[in-house]
There are 2 protein chains.
Amino acid sequence: MSTFRRKKRSYHHGDLQAALIRTAGKMLEKEGVEALKLREVARRAGVSHNAPYRHFAEREALLAALAAEGFEWLGAAQRKAAEAGGLRGMGEAYVHFALTQPQRFRLMFGGQISIAKHPQLREVATKTFEALAGALCARVPEAQGAGDSSIAAWALVHGLAQLLLGGRISSVAKRGRDDATFVREVLASVRFVARAPVA
Amino acid sequence: MSTFRRKKRSYHHGDLQAALIRTAGKMLEKEGVEALKLREVARRAGVSHNAPYRHFAEREALLAALAAEGFEWLGAAQRKAAEAGGLRGMGEAYVHFALTQPQRFRLMFGGQISIAKHPQLREVATKTFEALAGALCARVPEAQGAGDSSIAAWALVHGLAQLLLGGRISSVAKRGRDDATFVREVLASVRFVARAPVA
DNA sequence: TAGCATAAGTAGACAATGTCAACATTTAGG
DNA sequence: CCTAAATGTTGACATTGTCTACTTATGCTA
């Protein structure tokens with residue numbers, strides 16, 4: 001289970017910051033962002049309602065930390081998929097990440113966290129994206145239009161994740177296929193070209 | 001400007017429901033979903049803090065109404081683009097919608113509105129999506145794999161919109177192109193195929 | 001046209017939350 | 001060992017969503 005600090009009730013916690021992130025992470029996935037109240041997190045962590053403020057300037061800062069953690073996980077997943085396989089594998093891993101941790105994914109891309117206000121988040125996200133873009137560029141077949149094709153590839157998987165996550169894809173379109181198969185086949189229906197078509 | 005009911009301060013408003021949606025819509029785009037407090041909307045509409053409850057069971061119901069309105073607008077925009085042009089035009093219109101009304105778009109797809117709890121929203125959204133899917137199927141070049149290709153096309157534009165909206169696309173990737181051009185060229189870098197590739 | 005049911009709006013109350021300020025307790029460094 | 005900086009705690013406040021009870025206007029019916 002989770003590491004227990006503060007076995008003996010002591011004034012100081014030991015590593016409250018990590019504990020808060022851990023607790024908040026669970027709450028996030030189980031009950032959604034809306035349910036992620038600062039006071040409730042404190043309660044579950046067994047500290048006073050104001051203790052979190054020693055580690056996070058405001059609620060949004062905690063959310064930012066969770067999002068940052070998410071970007072690191074996503075980055076790791078993509079790195080792994082990139083090593084193992086090619087473009088398709090990365091795409092599948094991307095969607096898999098989103099479907100496995102929907103609330104986290106929403107938090108990361110929902111836009112409710114002011115990107116300007118949390119430079120640390122910006123940095124982590126940027127790093128992840130740059131790695132992603134690099135891996136994509138190296139793998140998109142048409143090196144000529146690699147730039148745009150990479151963006152297109154990213155947008156494709158990102159959009160697919162988002163739509164699946166929102167339950168926007170009708171069952172008729174899925175034709176009974178499970179998520180993984182569906183994703184694989186949808187992604188397979190796309191090709192990238194080097195240059196813009198004539199018209 | 002906006003239609004003024006309740007010129008003479010009368011007990012009844014005339015059409016508060018519409019007024020609330022109008023006011024909330026402005027607030028949404030100007031200040032974001034978070035700032036959309038029920039009491040503030042009431043205040044700006046010039047009614048008591050409880051008046052909205054005669055028209056919306058809860059805060060989320062007002063959000064649902066705004067989202068529904070958004071889906072209708074999006075549907076209309078897509079219909080218009082479908083008449084005017086082809087697949088590319090529709091895609092560009094989709095992204096344009098998102099970039100023009102970012103907060104609305106986020107509300108529509110952010111997942112913070114319980115879809116199960118608001119059947120009316122579900123209905124409007126479904127109707128829009130079915131029309132969209134139909135139009136796509138009719139326009140995706142490869143009729144054989146039209147189903148998956150349509151989903152892919154939708155996911156592509158949706159994801160592109162989302163990424164642009166979140167400022168996730170680095171300026172280097174955009175290479176100085178304005179949004180419209182960038183979108184057009186990214187979308188042009190993709191082709192749809194009839195069947196899954198051999199590997 | 002009078003009267004009444006109902007829709008629409010108001011007033012007040014309550015618990016919960018985010019956040020601030022002031023105070024308490026550890027911990028660590030000199 | 002003693003003191004400053006971290007880290008937690010208590011208490012307070014404004015704001016919000018939402019409930020209940022009350023008031024006023026509207027429109028139907030007799």
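Here is how names work: the chains are called A, B, and so on, in the same order as the sequence lines, proteins then strands, and each is numbered from 1. Note that these values count all heavy atoms, side chains included, but never hydrogens, waters or copies made by symmetry.
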Rounded to the Å, how far apart are A:Lys37 NZ and C:dT19 C1'?
16 Å

Rounded off to whole Å, could you give me the CG-to-C1' distance for the B:Asp15 and C:dG9 pair?
14 Å

Do B:Gln162 and A:His158 meet the criterion of a side-chain donor-acceptor pair at a distance under 3.5 Å?
no

Measure the distance from CD on B:Gln17 to C1' on C:dG9 and round it to the nearest whole Å.
15 Å

Is there a donor-acceptor contact under 3.5 Å from the side chain of B:Arg177 to the main chain of B:Ala173?
yes

Nearest-angstrom distance from the residue atom CD of B:Glu34 to C1' of C:dT17:
14 Å

In whole angstrom, what separates B:Glu40's CD from D:dT18's C1'?
18 Å

Rounding to a whole Å, what distance do you find between B:Leu38:CG and C:dT17:P?
18 Å

Are B:Leu87 and B:Phe192 packed together at the side-chain level, in the sense that at least one heavy-atom pair is separated by less than 4.5 angstrom?
yes

With a 4.0 Å cutoff (strictly under), does any side-chain N or O of A:Arg54 reach OP1 or OP2 of C:dT26?
no

What's the OH-C1' distance between B:Tyr53 and C:dA13, to the nearest Å?
14 Å

OP1, OP2 of D:dT18 versus side-chain N and O of B:His49: anything below 4.0 Å?
no

Both A:Arg39 and A:His55 contact DNA chain D. Taking the nearest nucleotide for each, which residue is further toward the 5' end?
A:His55

Expressed as a whole number of angstroms, how long is the span from A:Leu36:CG to C:dA16:C1'?
15 Å

Selection from C:dT10, D:dG17, C:dT19 that lies nearest to any side-chain heavy atom of B:Arg59:
D:dG17

Please determine whether any donor N or O and acceptor N or O are separated by less than 3.5 Å between the side chain of B:Asn50 and the base of D:dG17.
no

Find which nucleotide of DNA chain C each of A:Arg43 and A:Ala57 is nearest to by heavy atoms, and output the residue with the more 5' nucleotide.
A:Arg43

Counting only N and O atoms by type, is there a donor-acceptor contact under 3.5 Å from the side chain of A:Arg39 to the main-chain atoms of A:Asn50?
no

Let's see if you can work this out: which of C:dT19, C:dA11, D:dT18 has an atom nearest to the side-chain heavy atoms of A:Glu58?
C:dT19

Please verify the inter-ring angle class for A:Phe129 with A:Phe71; under 30° counts as parallel, over 60° as perpendicular, anything in between as tilted.
perpendicular

